[in-house]
Amino acid sequence: MVLIAFVSGCTTTQSPKRQIDDGAISTTVKAKLTADRFSNIVNIEVNVTNGIVALAGEVPNAQVKAEAEREARSVDGVRGVNNNLQVKNPPTP
């Protein structure tokens, strides 16, 4: 019985349907974050696993950070968002 529990707990691959869904979610989120209104976002990484979107990178302010998360959450199939975006303070002269 322990062996069955061990083997069933070791699956690390996603079903083909989930892989397609995650890929589609990632593409859609990236498209939303490259729209004109997000033109000040230069370098954001989007990763999706089992419908959970992880956002990483730098944004110019907290408002853009919140808007990026809101856009990611609006995509069909998204089950949650881990917003790891960092607000980059512009250099002071």
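By convention here, the first residue in the shown sequence is residue 1.
By the 4.0 Å N-to-carboxylate-O rule, Glu69 lies close enough to Arg73 to be salt-bridged with it.
With hydrogens and angles ignored, the 3.5 Å screen pairs no side-chain donor or acceptor of Ser26 with any backbone N or O of Gly23. At least one donor-acceptor pair closer than 3.5 Å links the side chain of Asp22 to the backbone N or O of Gly51.
Connection of Ile52 to Ile44 is not established within any shared hydrophobic cluster, with ILVMFWY side chains joined at heavy-atom distances below 4.5 Å, either directly or through further cluster members.
Side-chain atoms of Glu45 and Leu55, non-hydrogen and from C-beta on, never get closer than 4.5 Å to each other. Contact check for Asn50 versus Arg79: side-chain heavy atoms found under the 4.5 Å cut-off. A heavy-atom distance below 4.5 Å is not found between the side chains of Pro60 and Lys65.
Evaluated for a side chain to side chain contact (heavy atoms under 4.5 Å, CB included) with Val64, the options Leu33, Val59, Leu85 yield exactly one hit, Val59. For the side chain to side chain contact (heavy atoms under 4.5 Å, CB included) test with Val75, the passing option among Val53, Val48, Val81, Val29 is Val29; the others fail.
Partners of Thr27 according to the side-chain contact (heavy atoms from CB on, under 4.5 Å) rule, which considers only residues two or more places apart in sequence or in another chain, do not exist here. With sequence neighbours excluded, no residue forms a side-chain contact (heavy atoms from CB on, under 4.5 Å) with Gln86.
Note: Ile25 CD1 to Thr49 OG1 = 10.0 Å, rounded to the nearest 0.5 Å.
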